[in-house]
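Computed from a prediction, not measured in an experiment: that's the story for all the values here. Labels below follow one simple rule: chain letters A, B, ... track the order of the sequence lines, proteins then strands, and each chain is numbered from 1.
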4 protein chains.
Amino acid sequence: MKILVTGFDPFGGEKINPAIEAVKRLPDEIAGNQIIKLEVPTIFYQSAEVVKKAIEKENPEMVINVGQAGGRSAITPERIAINFQAGSTPDNSGKGPKEGKIQADGLDGYFTQLPIKKMVAAIRHAGLPAQVSNSAGTYVCNHLFYEIQYLIHHDYPNLKAGFIHIPYLPSQARNGRYPSMSLDNMVTGLTVAIETAAMC
Amino acid sequence: MKILVTGFDPFGGEKINPAIEAVKRLPDEIAGNQIIKLEVPTIFYQSAEVVKKAIEKENPEMVINVGQAGGRSAITPERIAINFQAGSTPDNSGKGPKEGKIQADGLDGYFTQLPIKKMVAAIRHAGLPAQVSNSAGTYVCNHLFYEIQYLIHHDYPNLKAGFIHIPYLPSQARNGRYPSMSLDNMVTGLTVAIETAAMC
Amino acid sequence: MKILVTGFDPFGGEKINPAIEAVKRLPDEIAGNQIIKLEVPTIFYQSAEVVKKAIEKENPEMVINVGQAGGRSAITPERIAINFQAGSTPDNSGKGPKEGKIQADGLDGYFTQLPIKKMVAAIRHAGLPAQVSNSAGTYVCNHLFYEIQYLIHHDYPNLKAGFIHIPYLPSQARNGRYPSMSLDNMVTGLTVAIETAAMC
Amino acid sequence: MKILVTGFDPFGGEKINPAIEAVKRLPDEIAGNQIIKLEVPTIFYQSAEVVKKAIEKENPEMVINVGQAGGRSAITPERIAINFQAGSTPDNSGKGPKEGKIQADGLDGYFTQLPIKKMVAAIRHAGLPAQVSNSAGTYVCNHLFYEIQYLIHHDYPNLKAGFIHIPYLPSQARNGRYPSMSLDNMVTGLTVAIETAAMC
């Protein structure tokens, strides 16, 4: 199987985004599945365009987007993408999102096709913190997650996709007020999650 | 310089205690200082006796006790030990502590002699989460910290000592509800902290 | 306008549920709207049956379900109900839910029809903590919220409905580890929220 | 008995400080004890001077200082004041504190003379969140707490004193990210705490 795995670039004044740092360090092959790694801009709509083009080009069977959720303690596969965007923080285009629906004719929510409960169990079995998340928020992460699901429900019925949030890196959490996870553990956790997803 | 570094054994039903796991993996020498590693029982009074005997035997210039503080996100050098013990959780002797003063004629609190602010800065410089803590709690950790300070103020005026709390290991926080830190990062953080302490 | 407002009964060993306690104390009329108060069992499916019967009997223009979200600091109107149920805690029937979809042919998610952003602004204007929530969880609260939305999308297209989570009461949070809100403030906050919802 | 109860004025850009708001609303008499209420400036050293003058003038048997601890969920009587001040936030004089000891010849820590465990039990019995705190921090609150204890240990051996931290008011926590407590509940909790303290 061909799996497209994306990670966001740094944003919000951070010099680093654990998402792309972890995705870059994934093996090129996981349990016989080819892993195609893609950095995406933390920009509403543009991120989705970049991923859509890669889907057209690579024709993967699965797409997994990875993003940073500062403040979380665990690797958190997301259950649902919602048709709503909002947020006061400007994205990397310098503007914040226009609040409202992402797709005018899209459904209110789309569940991921990925086996998130099994993925969490596998990550925990590998000795790492993991938890299913029931909300990917309303910012660029949810937006990309939703756009890919919308694509699936309109043009790519056989494609499977999902979103995984990861914590801060230790270097981003040095003041001690937020949880973090080492890069090695993020790579291990994502590898196990992808391996499990690919088996279903 | 000779530095005695102690770590508690597993307690409270846990199979592992990051304290002794990290202490065991410290180098035998840090910046020219000899490191003597000691596992101590998570038992009120007994833990202090074990450390006192090691102080008599090894005659170190510095003692650093390491303990687990589940729920914390960072490596937290402690500022003060207080002359009070309490806690509902039985220690590894099966009994909880008798609530009240630790030493009848001890002062209410003793500051550590270690340069905790510099230690935090050094750990952060190494890219890891660190924060000074103003409370070591009232359980076995504070008890050991206080007993060693009491010893210093009565019998070993030249001895320097302090306490460092560390988070859960990832394997202890798999349900995703608590922060954790990888063992490698704990060892790196403690090594940098000890190196900094030894310079002052 | 006739507004049906429901509150769950105590569950999980608690003697009190702030939801029904606050709902009981709502005025019978809010800004000219008739308020019909209904206690519902914290039981999957049964709670929905009770509310459906009340909708058939009272024919309200709006339904607002209120539930407890222990650990939250604010009054949190929910954005979306999701077609999934799970939870290890037995409900008041003594059994936990069968994990999976709530309605086999239901959509993955349904947005509330209520003006949640305006409701939050109004509650804050009244000097009380409020925040939009993007996840009602996967337990009885989300289940009831989803069943009513499913009903709207199949039988009651003109009905408006939504869900509001409220924190613990102070008496439920006496150990000091969880946030809480006074009953008076809950009633004030819910009254303002209902008034705002009814205007839209 | 005559009890001097102090509350800090608003600081850090806040328009209100729950401490003085709650203290102002205390009864003038609690269980036969005369309550003298005093607003103190949130300024290092000046706050202590104001309280010392009031002690000289009123000659109370007990002094209770009340301060805001934003982020806490409960009423938290403090166990120990420590001989250390630090903080990056300027106080109401516009300057931050000079980091270091508060009193050059003061002990490292002083326990409160108040029955904090009984006070917590009484507040909980009144149905309100309460918890003993083992750290009053290193800012103006701890500074005032320490200065009064230093005074006791040097000039007023029979005086009893302590510090109680209280959460944000709801109006300070409207964004929903921090716990809060209603003013009525703060007044009730402080009244019960003072009554209990006066009995010991």
task = Classify the side-chain pair A/D91/A/T42 by whether it contains a donor and acceptor separated by less than 3.5 Å.
result =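 Short answer, no.
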message = Between B/N175 and chain A, with a heavy-atom cut-off of 4.5 Å, which part of the residue counts as in contact: side chain, backbone, both or neither?
response =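 Both parts, backbone and side chain.
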key: Heavy-atom pair count under 4.5 Å with chain B, highest-scoring of A/A173, A/P179, A/P129   =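 Counting heavy-atom pairs under 4.5 Å, the top option is A/P129.
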Most contacts with chain B, counted as non-hydrogen pairs under 4.5 angstrom, among A/S182, A/A126, A/A130 =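 Looking at each of A/S182, A/A126, A/A130 in turn, A/A130 comes out on top.
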ask   = Short question: side chain of A/K160, backbone of A/C200 - any donor-acceptor pair under 3.5 Å?
value =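 Judged by distance alone, yes, a pair lies under 3.5 Å.
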key: Parallel, tilted or perpendicular, as decided by the 30° and 60° cut-offs, for the rings of B/F8 and B/F163   =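 Ring orientation, 0 to 90° scale: tilted.
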ask   = Salt-bridged, A/K52 to A/E56, with N to O below 4.0 Å?
value =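 Answer for the salt bridge query: no.
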